[in-house]
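Computed over heavy atoms, backbone and side chain alike; hydrogens, waters and symmetry mates excluded.
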Amino acid sequence: MHRSAKRLASLLTCAAVPVLLVAGCSGSTSAKSSGDSAPSGSSSSAGNPSPTVAAAKFKKLPNPCEAFSKDTINKMLPKVKDAAGSQGKSTDTAARGACSWSSSDDQGVDGTQFRWLDVAYQRYDSDPAIGSGDKRATDFYTKQIADAKGTKGAKKVAAAPTAGTGDAATAVTYDISKDDNDFKNTTIVARTANIVVTINYNGAGMAGADTPNGNDLLKLAQAAAKEAVAAGAKANA
């Protein structure tokens, strides 16, 4: 009986050894795997940071009908119908706004001098998914110039940089006929940081009046563009 008990105890001890070894290896492997997984996940996150873009410089727009001084309005639009202008509708005045003016200077038997002026502001915020406010404004600035150059029916189209007006500015001039009247037109597109300003200024001699001088209209429009750009900066001061 004593030998049998001793032999049984010996068998039980040998049988238990493999189980303990397996358990020990299994626990060691699990610990190593668990330890490796944390650095792997951390490395992956560090390699894919969230995209960032520079914050937009300007946060709001001026009242477009106050973009020009009274003196400028009187110079550009003799006998203006409404010096306060006609403000365009906007669902977001911090992003876009527009205003327009017109005048008809009746000179009796010498006919009538007609003038039209409008200004439009467009502001862009920075968006990591789309780009910075400056980049988005630059894209729109380029598109506005192309649209002006591509005006249907435009003749003698010319474009040239306008110095001293925001970060970039271009003047597009052309002739166009409407209702049997010959118009001289100037479009100036200017960008200042994340704001784009577009000015359209045109004139025509009606009922026998002489066609206005295109260079005179251009100079007035260029001066007005500087005022409109400055108004955008002032609104954010």
Side-chain angles (χ1 to χ4, degrees), residues 61-91 93 95-123 144-145 147-159 162 165 169-190 195-232 234-235:
L61 293 176
N63 179 335
C65 290
E66 297 176 359
F68 311 115
S69 68
K70 292 181 179 179
D71 185 53
T72 294
I73 293 296
N74 290 331
K75 285 181 179 178
M76 300 179 78
L77 303 135
K79 296 186 179 180
V80 61
K81 290 182 179 180
D82 183 1
S86 177
Q87 188 160 349
K89 294 181 180 179
S90 174
T91 56
T93 55
R96 63 191 65 84
C99 192
S100 61
W101 299 259
S102 66
S103 72
S104 295
D105 185 5
D106 187 350
Q107 300 175 356
V109 295
D110 292 327
T112 299
Q113 285 293 333
F114 174 81
R115 297 290 185 273
W116 170 273
L117 170 67
D118 67 56
V119 60
Y121 285 93
Q122 184 78 31
R123 187 188 66 83
Q144 288 290 85
I145 295 171
D147 287 349
K149 289 180 179 179
T151 300
K152 186 177 180 180
K155 300 176 181 179
K156 298 181 180 179
V157 179
T162 293
T165 308
T170 299
V172 180
T173 58
Y174 56 86
D175 296 348
I176 193 166
S177 295
K178 296 180 181 179
D179 301 324
D180 297 325
N181 293 300
D182 295 325
F183 284 78
K184 293 287 184 179
N185 195 94
T186 295
T187 296
I188 296 184
V189 186
I195 292 177
V196 176
V197 184
T198 305
I199 292 174
N200 288 299
Y201 181 48
N202 61 61
M206 299 178 174
D210 293 335
T211 300
N213 185 298
N215 287 330
D216 292 341
L217 299 186
L218 173 60
K219 289 177 182 178
L220 288 170
Q222 287 174 324
K226 291 181 179 180
E227 281 190 39
V229 167
K234 185 177 179 180

Here the pair of heavy atoms bringing P64 nearest to G97 is CG-C, 3.9 Å
When the aromatic ring centroids of W116 and F183 are compared, is their separation below 6.0 Å?
no
Can you check whether T162's main-chain N or O pairs, donor with acceptor, with Q222's side chain at less than 3.5 Å?
no
Looking only at non-hydrogen atoms, find the nearest pair between A225 and I199 and report the distance.
CA-CD1, 3.3 Å
Looking just at side-chain N and O atoms, do S90 and T93 make a donor-acceptor pair shorter than 3.5 Å?
no
Which atoms form the tightest heavy-atom contact between P62 and A231, and what is the distance?
CB-O, 3.7 Å
The single option from D106, N181, D105, N202 passing side-chain contact (heavy atoms from CB on, under 4.5 Å) against F114
N202
Do Q113 and Q107 come within less than 4.5 Å of each other through their side chains, counting heavy atoms only?
yes
Could you tell me whether a side-chain N or O of Y121 sits under 3.5 Å from a main-chain N or O of A67, the two making a donor and an acceptor?
no
Looking only at side-chain N and O atoms, does T187 offer a donor or acceptor that is under 3.5 Å from a partner on N185?
yes
Does some side-chain heavy atom of V197 sit less than 4.5 Å from a side-chain heavy atom of V119?
yes
Do you know the tightest heavy-atom contact between I176 and G153?
CG1-O, 3.8 Å
All heavy atoms of R96 vs all of L61, minimum pair found to be N-CD1, 3.5 Å
May I ask you to decide whether K155 forms a salt bridge with D175, counting only side-chain N to carboxylate O separations under 4.0 Å?
no
